[in-house]
Amino acid sequence: MSTTPPNKPARVFCIANQKGGVGKTTTAINLAAGLATHGRRVLLVDLDPQGNATMGSGIDKSSLESNLYQVLIGDTTIANARVRSEVGGYDVLPANRELAGAEIDLVQMEERERQLKAAIDTVADDYDFVLIDCPPTLSLLTLNGLAAAHGVIIPMQCEYFALEGLSDLVNTIKRVHRNINPELRVIGLLRVMFDARMTLQQQVSAQLEAHFGDKVFSTIVPRNVRLAEAPSHGLPGVVYDRASRGAQAYISFGAEMIERVKTLSS
Ligand code: ADP
Ligand code: MG
């Protein structure tokens, strides 16, 4: 008789970059959907009050019974607030503008950076992966994300100034590692919105590999209009047009992450 090994608790990853519009949310949604196509159980946590990860997963942010805000202030649990993305094949801990108020409420709480971690711990056995879509700020919300995570995935465009500003994020990650969460590390840099026809992007991409070695994921996500169109249909790009180059890249990235976590000590 074969026995299946017991499931390990979820590995938790932040998708972070303090720049806006670099592809964090697109990566969070499509990595969630990509991992789901590989049979993994995923919770996508929408840590951005804009609620884009929520909407892009086909969940209406304006008609939520409860959301991440109530979880963070201790009014409800993730088990109560999570919603199934039927289209994506994963669960979502949704958010909307209410979440912006959490900053103020959290400041007055004890263990204010650890509220999200405490909440995720209660459902860690339900999932293989928890992905946290961070806002483009180094706020108390982002700090909660970093405190809850085993690692950070940093999506970036291969532009001339891509590395500028990354140092603030890296310093924050180091600080959180030292003071709050010794498990935290950079898992990798993900090249997104890549246009291979542009020489500059090729050059920056090569520089990233030279500087950061295997901290650069081998998957490269191309600029692909299907990924940009998908949210207006309430669908992950991976589901909206699975054959598209963008979708295929995120499905490959899911496979790369599944391999990568095997190399992380538990
Ligand atoms: P962030 O969460 O970092 O602000 P988004 O994921 O919302 O960034 O992406 C910013 C914009 O770029 C969105 O309109 C999104 O649809 C688009 N976009 C993201 N990734 C790609 C891609 N690979 N190809 C084309 N458009 C993309
Ligand atoms: Mg976003």
Side-chain angles (χ1 to χ4, degrees), residues 13-34 44-59 61 67-68 85 87-88 92-97 99-100 131-139 141-142 144-146 149 152-159 161-166 168-169 172 188-198 201-202 204-205 208 216-254 256:
F13 300 106
C14 280
I15 322 295
N17 186 319
Q18 70 215 71
K19 282 195 188 176
V22 292
K24 290 182 293 296
T25 300
T26 304
T27 296
I29 291 170
N30 286 290
L31 178 56
L44 173 57
V45 177
D46 191 349
L47 192 56
D48 189 333
Q50 291 186 63
N52 291 346
T54 301
M55 296 294 284
S57 299
I59 294 157
K61 67 181 176 185
N67 64 71
L68 176 54
S85 170
V87 292
V92 178
L93 179 53
N96 56 31
R97 289 193 55 192
L99 181 60
L131 305 177
I132 304 173
D133 183 31
C134 288
T137 51
L138 298 177
S139 59
L141 283 174
T142 302
N144 263 269
L146 295 174
V152 186
I153 296 165
I154 305 176
M156 53 193 301
Q157 289 171 254
C158 291
E159 289 172 343
F161 291 114
L163 291 177
E164 250 184 39
L166 204 62
D168 287 345
L169 176 61
T172 303
L189 303 173
L190 177 67
R191 291 162 286 183
V192 297
M193 295 191 227
F194 191 74
D195 187 344
R197 292 165 307 181
M198 292 181 68
Q201 295 213 6
Q202 299 269 18
V204 173
S205 174
L208 284 179
V216 182
F217 290 110
S218 55
T219 305
I220 299 179
V221 178
R223 184 172 284 283
N224 180 241
V225 69
R226 306 300 268 168
L227 290 174
E229 289 168 357
S232 65
H233 300 267
L235 293 171
V238 161
V239 176
Y240 173 61
D241 183 357
R242 190 177 169 141
S244 68
R245 289 190 313 128
Q248 288 297 311
Y250 276 113
I251 291 169
S252 297
F253 183 47
E256 188 174 359

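Order of appearance sets the numbers: ligands from 1, and atoms from 1 within every ligand. Along the sequence shown, the residues carry numbers beginning at 1. What's counted below: heavy atoms across the whole structure, side chains too, no hydrogens, waters or symmetry copies.
Separating the CD1 atom in Ile154 from the CG atom in Leu166 is a distance of 5.0 Å, to the nearest 0.5 Å. Taking CD1 of Ile15 as the start and CG of Leu190 as the end, the distance is 8.5 Å to the nearest 0.5 Å. Atom CD in Gln201 sits 6.5 Å away from atom CD in Glu159 (nearest 0.5 Å).
Contact between Asn52 and ligand 1 is absent, with no heavy atom of the residue lying under 4.0 Å from the ligand. Under the 4.0 angstrom criterion for non-hydrogen atoms, Val221 is in contact with ligand 1.
In Pro155, neither the side chain nor the backbone holds a heavy atom less than 4.0 Å from any atom of ligand 1. Residue-level proximity to ligand 1 for Val22 is carried by backbone and side chain together, each with a heavy atom below 4.0 angstrom.
Protein N/O/S atoms closer than 2.8 Å to the Mg ion (ligand 2), listed by chain and residue number, are Thr25 OG1.
Protein heavy atoms all stay at least 4.0 Å away from atom 14 (O) of ligand 1. Inside a 4.0 Å radius of atom 11 (C) of ligand 1 there is not any protein heavy atom.
The main-chain N or O of Lys61 is found under 3.5 Å from a side-chain atom of Asn96 such that the two form a donor-acceptor pair. Between the side chain of Lys24 and the main chain of Lys19, a donor-acceptor pair closer than 3.5 Å is present. Looking at Thr219, its side chain never comes within 3.5 Å of a backbone N or O of Ala249 through a donor-acceptor pair. No side-chain donor-acceptor contact under 3.5 Å links Thr27 to the backbone of Pro155. Of the possible donor and acceptor atoms, one in the side chain of Arg191 sits under 3.5 Å from a partner among the backbone N and O of Phe217. A donor-acceptor pair is defined here as one N or O able to donate and one able to accept, closer than 3.5 Å; no such pair exists between the side chain of Gln18 and the backbone of Leu138.
The protein heavy-atom contact nearest to atom 18 (N) of ligand 1 is Met193 CE, 3.9 Å. The single protein non-hydrogen atom nearest to atom 19 (C) of ligand 1 is Thr26 OG1, 3.2 Å, given as residue, atom name and distance. The shortest contact between atom 24 (N) of ligand 1 and any protein heavy atom is with Asn224 N, 2.8 Å. For atom 23 (N) of ligand 1, the nearest protein heavy atom (residue, atom name, distance) is Pro222 O, 2.9 Å. Scanning the protein heavy atoms around atom 26 (N) of ligand 1, the nearest turns out to be Ala228 CB, 3.7 Å. Ranking protein heavy atoms by distance to atom 4 (O) of ligand 1, first place goes to Gly21 N, 2.7 Å.
Between Gly23 and ligand 1, a contact under 3.5 Å exists for at least one N or O pair. In terms of polar-atom proximity, defined here as any N/O pair under 3.5 Å, Lys24 does make such a contact with ligand 1. Polar contact with ligand 1: present for Thr25 (N/O pair, distance under 3.5 Å).
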Derivation and outcome, side-chain hydrogen bond (donor to acceptor under 3.5 Å, both in side chains), residues Asp46 and Thr54: CA-CA 6 Å; Asp46 191 349; Thr54 301; 2.6 Å; yes
From CA spacing to verdict: side-chain contact (heavy atoms from CB on, under 4.5 Å), Arg242, Tyr250: CA-CA 10 Å; Arg242 190 177 169 141; Tyr250 276 113; over 6 Å; no
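Inter-residue side-chain proximity for Pro136 and Asp48 is flagged as met; some heavy-atom pair is nearer than 4.5 Å.
Listed by number with element, the atoms of ligand 1 under 4.0 angstrom from any heavy atom of Leu227 are 22 (C), 23 (N).
Ala53 and Ile29 make their closest contact through CA-CD1, 3.9 Å (heavy atoms, listed as atom of the first residue, atom of the second, distance).
Classification of the His233-Tyr240 ring pair by plane angle, with boundaries at 30° and 60°, yields parallel.
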